[in-house]
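Every number for a ligand or one of its atoms is a count from 1 in the order of the listing.
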Amino acid sequence: MANHDYDLIVVGAGSGGVRAARIASELGARVAICEMDRLGGTCVNVGCVPKKLFVYGSHFAHDLVDARGYGWSGEAAFDWPTLLENKNRVIARLNGIYLELLEHAEVDLFRGRAELLDPHTVRIEGAERTATRILIATGGRPLTPDIPGAELALTSNAVFSLPVLPKRMLVVGAGYVALELSSVFCALGVDVTIVHRGEEILRGFDRDLRCHLHDEIEAKGVRILLDTQVKELRKSGSSIEARLDNGEVLETDFPLFAIGRTPNTDGLGLEALGVELGQRGGIVVDEDYTSRVPSIHAVGDVTDRMQLTPVAIAEGMHFAHRFFGKGDFRIDYLNIPTTVFCQPELATVGLTEEEAWHRCPDVRVYRSVFTPLKLTMSERKERTIIKLVVNAEDDRVVGCHMAGHGAAEIIQGLAVAMKAGATKAVFDATIGIHPTSAEEFVILR
Ligand code: NDP
């Protein structure tokens with residue numbers, strides 16, 4: 001151990017890498033981290049944080065409509081450069097906080113591209129440094145399809161710094177990124193069309209919620225084309241033409257691919273060292289985040305499992321405690337709650353109704369669709385859906401789903417109840433907070 005420069009070198013200073021580096025250092029390890037871009041990774045720079053700020057920004061369009069029903073009047077104007085500028089300020093502050101966190105934890109930071117030369121040596125901008133263990137936490141990047149003209153489209157990386165708000169936007173895909181950004185830009189007045197290859201948006205989520213969201217998002221003005229693919233993009237004057245496989249030609253200013261993300265493993269020299277990569281390029285690791293090479297580990301999106309920031313952070317913690325502490329931090333991957341910040345917001349934990357029917361001998365389903373009290377005085381007609389899925393055999397709640405205002409905040413709390421093994425009887429015995437949307441979860445009959 002003492003022969004190496006460090007006990008741990010982390011490659012990638014995003015959510016998972018920084019957490020692992022800090023915890024390992026606090027546990028007494030000599031740690032270095034390298035990063036070729038801004039600190040904080042996807043989440044801070046081109047993901048969760050700027051996205052949520054855009055979501056907040058776009059929500060005012062709805063709030064202003066609601067306000068009229070409550071007696072407020074007057075014009076409000078939206079200024080895109082102000083949103084961008086203020087968002088950039090917040091991100092720069094977070095980049096600084098990440099730097100302070102690393103400095104405070106006495107982690108050495110090296111700027112530049114890293115390449116592994118052997119199972120213990122990393123070359124960063126020409127300088128070689130060795131470590132007992134190397135943790136790859138390089139995250140992922142948006143995919144682009146292999147179609148003619150693909151280079152004319154942008155991905156979520158560019159959306160957060162668009163100099164001008166487009167008039168028309170074409171979004172390919174109907175998962176997290178596609179729906180979140182479609183909702184944001186639609187609320188900001190952009191004419192948005194979603195082109196999706198599947199038979200319904202949001203594959204993998206509960207069917208009732210998928211259909212509910214389809215209707216609500218369409219009602220807000222987003223055009224959704226299902227069972228359709230973009231075959232080609234072509235420049236046409238100042239616009240871009242998208243040729244669809246149904247024969248339609250769509251003119252747009254801004255085609256956006258939101259068709260998933262791929263792990264950042266290129267150029268790291270992993271395969272030459274015998275690190276196994278999965279079919280989609282993710283590093284294959286065991287339950288302790290160790291690759292096929294015992295000194296090389298990986299956490300977060302680069303392993304191509306659950307691409308969620310809190311999961312990457314938890315994996316970083318597990319890794320650090322496992323190899324530099326007492327190994328007393330473990331992750332339970334069961335019932336991880338998640339949200340798509342589309343409008344209305346979708347949040348979910350546990351099994352969909354369809355999954356429950358496959359896994360439980362009998363299932364009870366409770367569902368309510370309603371107009372939240374706030375909107376009864378607004379011209380907006382957005383409806384909320386909530387749904388509980390219960391294993392009829394033992395009364396355990398196995399799935400909680402919601403699409404509506406505040407869904408993420410509500411489902412986070414219900415995820416705790418589900419972790420504690422709450423039954424439907426426990427939900428029934430809980431007194432509601434009135435009047436809220438959340439109380440609907442405890443009065444479902
Ligand atoms: P998703 O996997 O969520 O969605 C990808 C979408 O693109 C699906 O609708 C998929 O269709 C479609 N698609 C995939 N390949 C093609 C193709 N070749 N041609 C046309 N359509 C295609 O990916 P995202 O990029 O939206 O997000 C990546 C991940 O990042 C998410 O899975 C999530 O884990 C994470 N994320 C989390 C967020 C959050 O927590 N709020 C926000 C944003 C991202 P089909 O359904 O048919 O496969």
What atoms in ligand 1 come closer than 4.0 Å to a heavy atom of V177? 24 (P), 25 (O), 26 (O), 27 (O), 43 (C), 44 (C)
Is the closest N or O pair between R261 and ligand 1 shorter than 3.5 Å? no
shortest atom 3 (O) of ligand 1-to-protein heavy-atom contact is with Y176 N, 3.2 Å
Quick one: look up the protein heavy atom nearest atom 7 (O) of ligand 1 and list residue, atom name and how far away it is. I259 CA, 3.1 Å
Of the protein's non-hydrogen atoms, which lies at the shortest distance from atom 1 (P) of ligand 1, and what is that distance? G175 CA, 4.2 Å
Nearest non-hydrogen protein atom, atom 9 (O) of ligand 1: A174 N, 2.9 Å
Is the closest heavy atom of M306 to ligand 1 under 4.0 Å? no
Just need the protein heavy atom nearest to atom 46 (O) of ligand 1, so name the residue and atom and give the distance. R203 NE, 2.9 Å
Check the angle between the aromatic planes of F323 and F319 and answer parallel, tilted or perpendicular using the 30° and 60° thresholds. tilted
Mind checking whether L308 contacts ligand 1 via backbone (N, CA, C, O), side chain (CB onward), both or neither, at a 4.0 Å heavy-atom cut-off? side chain
Show your reasoning for whether salt bridge (Lys or Arg N to Asp or Glu O under 4.0 Å) applies to E276 and R292. CA-CA 6 Å; E276 185 187 352; R292 196 190 265 173; 3.3 Å; yes
Exercise: do R141 and N264 side chains pair donor with acceptor under 3.5 Å: yes
Would you call the rings of F185 and F254 parallel, tilted or perpendicular, taking 30° and 60° as the class edges? tilted
Below 4.0 angstrom from a heavy atom of Q229, which ligand 1 atoms are there? Numbered from 1 as shown, please. 19 (N), 20 (C)
For G260, the ligand 1 atoms whose distance to one of its heavy atoms is below 4.0 Å: 5 (C), 23 (O), 24 (P), 25 (O)
Side chain to side chain contact (heavy atoms under 4.5 Å, CB included), that's the test. Do L308 and T338 meet it? Break it down for me. CA-CA 8 Å; L308 297 173; T338 182; 4.0 Å; yes
Salt-bridge criterion met for E315 and R19 (N-O under 4.0 Å): no
Ligand 1 contacted by P145 (non-hydrogen, < 4.0 Å): no
Per-residue contact class, Q307 against ligand 1 - non-hydrogen pairs under 4.0 Å: both
Both conditions, 6.0 Å and 45 degrees, for the charged tip of K424 above the ring of Y366: are they met here? yes
Could you find the nearest protein heavy atom to atom 16 (C) of ligand 1 and give me its residue, atom name and distance? R197 NH1, 3.3 Å
Does a salt bridge link R168 with D191, judged by any charged N lying under 4.0 Å from a carboxylate O? no
